[in-house]
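Report on the following structure.
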Amino acid sequence: MLTSGGKDSNYAAHWAALHGFEICCLLTLKPPEDSELLQFSAVETVGLQAKAMGVEWIFEEGEEGAVRDLMVAARERGASYLVSGALLSDYQRQRLGYFAKEAGLVPVNPLWRVDQEKYMRMLIRHGFEFILVRVAAEGLGPEFLGRVITAEDVEEIIRRARRYGFNPAFEGGEAETLVLRAPLYKKKIYVEGEVVKRGPGDWVYVIRRAELRDL
């Protein structure tokens, strides 16, 4: 399971478990900040997600091509499939599929071309608790950062997406997310941090402390 810790990869893991896949490990690559393939914000927190799920976490930091090494490591641990949360980006789906096949894995993209508005609502209904750790689009401000997104927030995001023309599930890089609780978690993640401005219209929630607590 390739994951950045965000909502899409976590929901893909949920889908995989519901469809009979056994998740042997979570794979995370922290890429350069200008990566168009993978999220870089708050990815170190995925280690807590792996503990909450009771699975191994394999982490690397480097260029995008290093994701292939992670996939090879997963195959060596018995993995046959590479599940990812690609929603809309052909570049992401094709690149990850290429790396997966090179590593001897079958790529699986359960969220591909899902209706983004319905998907955002579904996340809340299915019990996913997530925060935004970065916003970088006109219409999205720092007021969304660091707090659990509610059903009301989702409707507001959808309204703003329609008005300003960004993807409501952030598939265009308009925002990045971190899941704190999901159906596969045996514990919940608690975080503390601060909002920092990176540049014009680009804000991040820098996590200073994170821990697991009982549900």
Side-chain angles (χ1 to χ4, degrees), residues 1-19 23 26 28 35-43 45-46 48-49 52-53 83-93 96 108-185 188-191 193 195 201-205 207 215:
M1 179 72 226
L2 182 67
T3 177
S4 62
K7 58 180 175 49
D8 303 335
S9 46
N10 270 270
Y11 193 85
H14 176 63
W15 178 95
L18 289 177
H19 287 78
I23 301 172
L26 302 185
T28 303
S35 173
E36 296 182 0
L37 182 66
L38 300 169
Q39 173 177 320
F40 67 85
S41 300
V43 295
T45 314
V46 179
L48 294 179
Q49 296 180 350
M53 294 171 62
V83 180
S84 72
L87 278 175
L88 186 63
S89 168
D90 281 314
Y91 174 76
Q92 184 185 55
R93 181 179 61 87
L96 293 179
V108 178
N109 303 294
L111 297 177
W112 184 245
R113 297 292 181 178
V114 69
D115 182 289
Q116 294 189 37
E117 293 185 1
K118 291 180 180 178
Y119 167 60
M120 290 292 284
R121 295 180 177 118
M122 183 172 62
L123 284 167
I124 304 299
R125 290 199 308 272
H126 288 193
F128 285 79
E129 294 183 14
F130 62 93
I131 63 174
L132 270 59
V133 291
R134 184 187 181 197
V135 291
E138 183 181 5
L140 286 174
E143 68 274 12
F144 286 103
L145 293 172
R147 60 183 177 83
V148 174
I149 298 299
T150 65
E152 291 76 17
D153 290 328
V154 165
E155 295 306 319
E156 178 61 23
I157 288 167
I158 290 171
R159 283 193 290 270
R160 295 192 188 192
R162 291 173 178 174
R163 178 181 177 184
Y164 291 97
F166 62 81
N167 293 331
F170 319 132
E171 181 66 355
E174 297 89 347
E176 295 176 345
T177 61
L178 177 70
V179 173
L180 304 181
R181 184 177 181 181
L184 292 178
Y185 292 10
K188 182 177 178 178
I189 300 171
Y190 286 79
V191 297
V195 176
D202 190 351
W203 301 79
V204 295
Y205 183 71
I207 294 174
L215 295 174

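Quick caveat, the model's predicted, so the values are computed rather than measured.
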Can you name the closest pair of heavy atoms from [X] and [Y] and give their distance?
X	Y	answer
V179	F130	CA-CB, 3.9 Å
V83	P110	CG1-CD, 4.1 Å
S9	S4	OG-N, 3.5 Å
I157	F166	O-CZ, 3.9 Å
P142	V135	N-CG2, 4.2 Å
L140	A175	CD1-CB, 4.2 Å

Would you call [X] and [Y] a side-chain contact if the rule is heavy atoms closer than 4.5 Å?
X	Y	value
T177	I131	no
N10	T3	yes
F170	D8	no
L215	Y185	no
Q49	I189	yes
V108	W15	yes
R121	E155	yes
L26	M53	yes

Review point. If you count the non-hydrogen atoms of other residues, nucleotides and ligands that lie under 6.0 Å from CZ in R163, is the total more than 12?
Key: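 No, because the 6.0 Å sphere around CZ of R163 holds 12 heavy atoms or fewer from other groups.
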Rounded to the nearest 0.5 Å, how far apart are [atom1] of [X] and [atom2] of [Y]?
X	Y	atom1	atom2	result
T28	L2	OG1	CG	7.0 Å
H14	K7	NE2	NZ	15.0 Å
L178	R134	CG	CZ	15.0 Å
K118	R125	NZ	CZ	10.0 Å
E156	I158	CD	CD1	10.5 Å
L111	M122	CG	CE	7.0 Å

Practice item. State whether E143 and R160 are salt-bridged, where the test is any N-O pair (Lys NZ or Arg NE/NH1/NH2 against Asp/Glu carboxylate O) under 4.0 Å. Key: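 The answer is yes: the pair qualifies as a salt bridge.
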Treating [X] as the side-chain partner and [Y] as the backbone partner, does any N or O pair qualify as donor plus acceptor under 3.5 Å?
X	Y	result
E171	L87	yes
N167	A169	no
E129	V148	no
Y205	G193	yes

Review point. Is R93 positioned over the aromatic face of W112, cation under 6.0 angstrom from the ring centre and no more than 45 degrees off axis?
Key: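 Yes, cation above the ring, under 6.0 Å and within 45°.
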